[in-house]
Engineer: 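Below is one structure. I have some questions about it.
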Amino acid sequence: MSNWPDNIARKAIVDFAAYSARGGSTGALHLDANESPYAPPPVKGAEEYNRYPEQQPPALRQRLADLYGTTAERIMVGRGADEAIEVLLRTFCEDGQDNILICSPTFGYYKTCAQIQGAGIIDVPLTKDYQWDTAAVLKRAKTARNLKIVFLCTPNNPTGTVINDNLVEQLCEACPETLIVVDEAYEEFSSLPSYTTKISSFQNLVAMRTLSKAYALAGVRGGVAIADPRVITLMLKVLPPYPIARPVEKAILAALSPAAMSTHAARLDEWLLERERMFTELQTSPFISKVWPSEANFLLIDVKDDETLMRELARRQVKIRDYRSTTGHMRISIGSPEENTVALKAFGIALPETRPDRIGEVHRTTKETDISVRVNLDDASAIKSDTGIGFYDHMLESLAKHGNFGLILTCKGDLEIDAHHTVEDCALALGTALKQALGDKAGIGRFGFVMPMDETQARVAIDLSGRAAMTFKGEFPTDHVGEFPAEMCPHVFESLAQTLGAAIQIDVEGENTHHMIEASFKGVARALRPAFARSGTDIASTKGVI
Ligand SMILES: *Cc1c(COP(=O)(O)O)cnc(C)c1O
């Protein structure tokens with residue numbers, strides 16, 4: 001089809017020329033957009049706020065293309081996936097003539113946008129088990145007249161179920177004049193692969209992704225449609241000229257910085273464990289008759305004792321989504337472990353009192369380094385350091401392992417210059433994260449000491465006093481271990497002491513630099529272990545604060 005996708009788009013959209021607006025700065029003298037030549041008064045990072053942004057800011061578009069494993073020309077960035085839905089309707093559906101197909105119960109905004117645009121809605125409901133009726137969907141799609149868009153949401157909101165056959169591919173082939181839109185707002189939570197990699201095989205396939213759910217950016221508004229470049233070109237005619245405000249672009253790029261991805265992954269792991277816990281625990285609730293398995297970050301539940309449950313939820317100020325009047329069920333999002341525990345109480349599930357894990361997260365981005373650190377003082381099961389300096393990773397992982405805390409650390413540093421910035425900034429960020437995790441320090445041991453280490457001796461004493469102090473005694477026989485400069489060893493502990501707020505005293509003797517550095521890290525780790533360990537709630541100070 002040479003005129004794809006013009007043959008299915010609204011004629012008015014195909015015929016008009018896109019609104020012409022300059023956004024961004026070409027380096028020329030810009031007297032073409034009635035902008036102010038002045039940056040606004042002191043707002044941090046506001047240098048370019050006086051200039052219109054580009055419709056599709058190139059750096060953002062490229063970052064999202066990389067994130068979703070596609071190319072920039074196949075991406076339309078908008079204010080959330082919601083805007084992508086709206087633009088699809090406005091680009092392809094003629095008022096009073098064209099139709100969309102949905103499989104209810106599903107995300108309500110497809111219907112809303114269709115109604116606003118005046119498009120008809122064909123509904124092929126999910127089966128009783130909330131699965132897609134593949135044969136029925138194919139049949140209706142093939143026979144319907146003027147069917148412009150099929151919206152398939154997988155994992156589906158609100159059921160949490162996923163398409164697990166080749167319905168999408170079959171539809172793409174059977175209905176060449178219809179856009180098959182796969183809404184993957186919850187893809188990150190699913191065990192199935194994304195459809196984004198199939199976009200290049202089907203010119204009528206569209207995938208939608210959002211930063212609002214897995215990437216914690218609902219308040220920033222960012223989402224994409226991924227499709228054949230010709231479909232994207234048409235959609236960009238309908239998208240307003242400047243949908244992405246400059247601070248929004250900055251916020252998204254910062255939250256998706258390469259180093260931050262390891263923190264997103266660690267959070268996702270925890271989130272999925274919580275989904276598992278909620279799925280299991282909720283089944284024991286006296287108010288629930290069924291909990292549906294889910295591949296998203298929410299669970300669909302059938303409730304039986306409505307009134308008591310509603311009272312309990314209100315009493316504990318827990319809000320869940322109520323669909324009882326339409327589909328007879330409710331939907332609960334998976335929150336943090338602490339939030340979930342509160343919710344479980346409202347569902348009448350008595351849990352032994354547990355204290356939340358002490359977690360610290362730090363993101364630190366400078367011109368030299370981009371760092372993301374996540375520590376968990378109460379769960380050492382996940383330990384991974386990725387700084388680009390092999391020996392340093394080995395030392396940091398050893399620090400966490402012997403210190404008995406979880407550590408996920410990623411650093412993208414200017415190693416082409418040298419190791420200095422990376423080593424120092426990671427230590428600073430780690431100290432900050434540990435301090436954050438310690439919180440009010442209730443119940444901690446505060447002090448730690450260790451002595452011997454093979455033929456090398458490291459004597460270490462630590463006090464998590466809140467005051468920074470570091471002394472290091474030791475002479476290294478060589479100046480490097482791998483790419484790691486030996487002189488950075490004391491500097492690491494200096495930086496750590498500074499941001500952690502600790503007194504660290506190290507005295508190391510030996511004949512081999514590798515062993516001496518390793519003994520220092522392990523010694524500090526072993527001393528930190530009893531200092532971090534928590535028992536009871538006492539503050540280990542006569543002053544009542546540390
Ligand atoms: C939340 C959600 C969206 C909208 O996401 P935004 O990017 O925040 O607009 C789209 N589709 C489904 C199925 C959703 O649940």
Side-chain angles (χ1 to χ4, degrees), residues 56 60-61 63-64 67-68 75-90 100-116 121 123 125-126 130 132 149-163 168 179-190 192 194-196 205-227 235 238-240 243-245 248-249 251-252 255-256 264 268 271 275 292 294-300 319-323 326-327 329-335:
Q56 295 286 283
L60 180 62
R61 208 179 184 195
R63 178 70 191 98
L64 293 173
L67 181 70
Y68 297 127
I75 291 236
M76 184 198 87
V77 193
R79 287 162 290 191
D82 281 352
E83 184 158 52
I85 297 168
E86 188 192 325
V87 167
L88 277 167
L89 258 300
R90 290 169 59 199
I100 69 161
L101 187 150
I102 60 171
C103 301
S104 68
T106 190
F107 188 51
Y109 200 56
Y110 314 134
K111 193 171 171 180
T112 304
C113 287
Q115 285 168 334
I116 292 169
I121 297 155
D123 188 3
L126 299 178
Y130 298 135
W132 287 258
I149 307 174
V150 175
F151 283 104
L152 300 167
C153 183
T154 179
N156 186 43
N157 179 3
T159 62
T161 44
V162 287
I163 295 176
V168 173
L179 291 177
I180 310 305
V181 178
V182 186
D183 185 344
E184 298 190 311
Y186 301 96
E187 203 281 329
E188 291 83 358
F189 305 95
S190 157
L192 295 180
S194 165
Y195 284 91
T196 47
L205 177 61
V206 182
M208 290 193 303
R209 305 290 296 260
T210 176
L211 302 175
S212 301
K213 312 286 162 53
Y215 292 107
L217 289 168
V220 173
R221 308 307 297 132
V224 301
I226 307 172
M235 291 173 72
V238 176
L239 186 75
I244 310 296
V248 166
E249 180 190 13
I252 296 174
L256 299 179
H264 288 297
L268 194 57
W271 216 337
R275 181 178 74 193
W292 293 80
S294 166
E295 298 250 357
N297 66 336
F298 53 79
L299 295 168
L300 186 73
K319 291 202 186 304
I320 68 174
R321 194 65 175 255
D322 190 350
Y323 295 109
T326 51
T327 51
H329 51 241
M330 299 183 89
R331 189 193 70 193
I332 178 166
S333 308
I334 309 299

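Read the numbers this way: they start at 1 and go in the same order the structure lists the ligands and their atoms.
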Engineer: Check for a donor-acceptor pair, side chain of Glu83 on one end and backbone N or O of Gly223 on the other, with a separation under 3.5 Å.
Structural biologist: no
Engineer: Please name the pair of heavy atoms, one in Leu211 and one in Leu256, separated by the smallest distance, quoted to 0.1 Å.
Structural biologist: CD2-CD1, 4.0 Å
Engineer: Start with the C-alpha distance between Glu187 and Arg209, add both sets of side-chain angles, then the distance that settles salt bridge (Lys or Arg N to Asp or Glu O under 4.0 Å), and finish with yes or no.
Structural biologist: CA-CA 8 Å; Glu187 203 281 329; Arg209 305 290 296 260; 3.3 Å; yes
Engineer: Give a yes or no on whether the backbone of Gly108 and the side-chain of Thr112 come within a donor-acceptor separation of less than 3.5 Å.
Structural biologist: yes
Engineer: What does the 4.0 Å heavy-atom contact list look like for ligand 1?
Structural biologist: Gly80, Ala81, Asp82, Phe107, Cys153, Asn157, Asp183, Ala185, Tyr186, Thr210, Ser212, Lys213, Arg221, Gly222
Engineer: Going by atom types alone, do Asn156 and Thr106 pair a side-chain donor with an acceptor below 3.5 Å?
Structural biologist: yes
Engineer: Would you check if the distance from the ring center of Tyr186 to the ring center of Phe298 is below 6.0 Å?
Structural biologist: yes
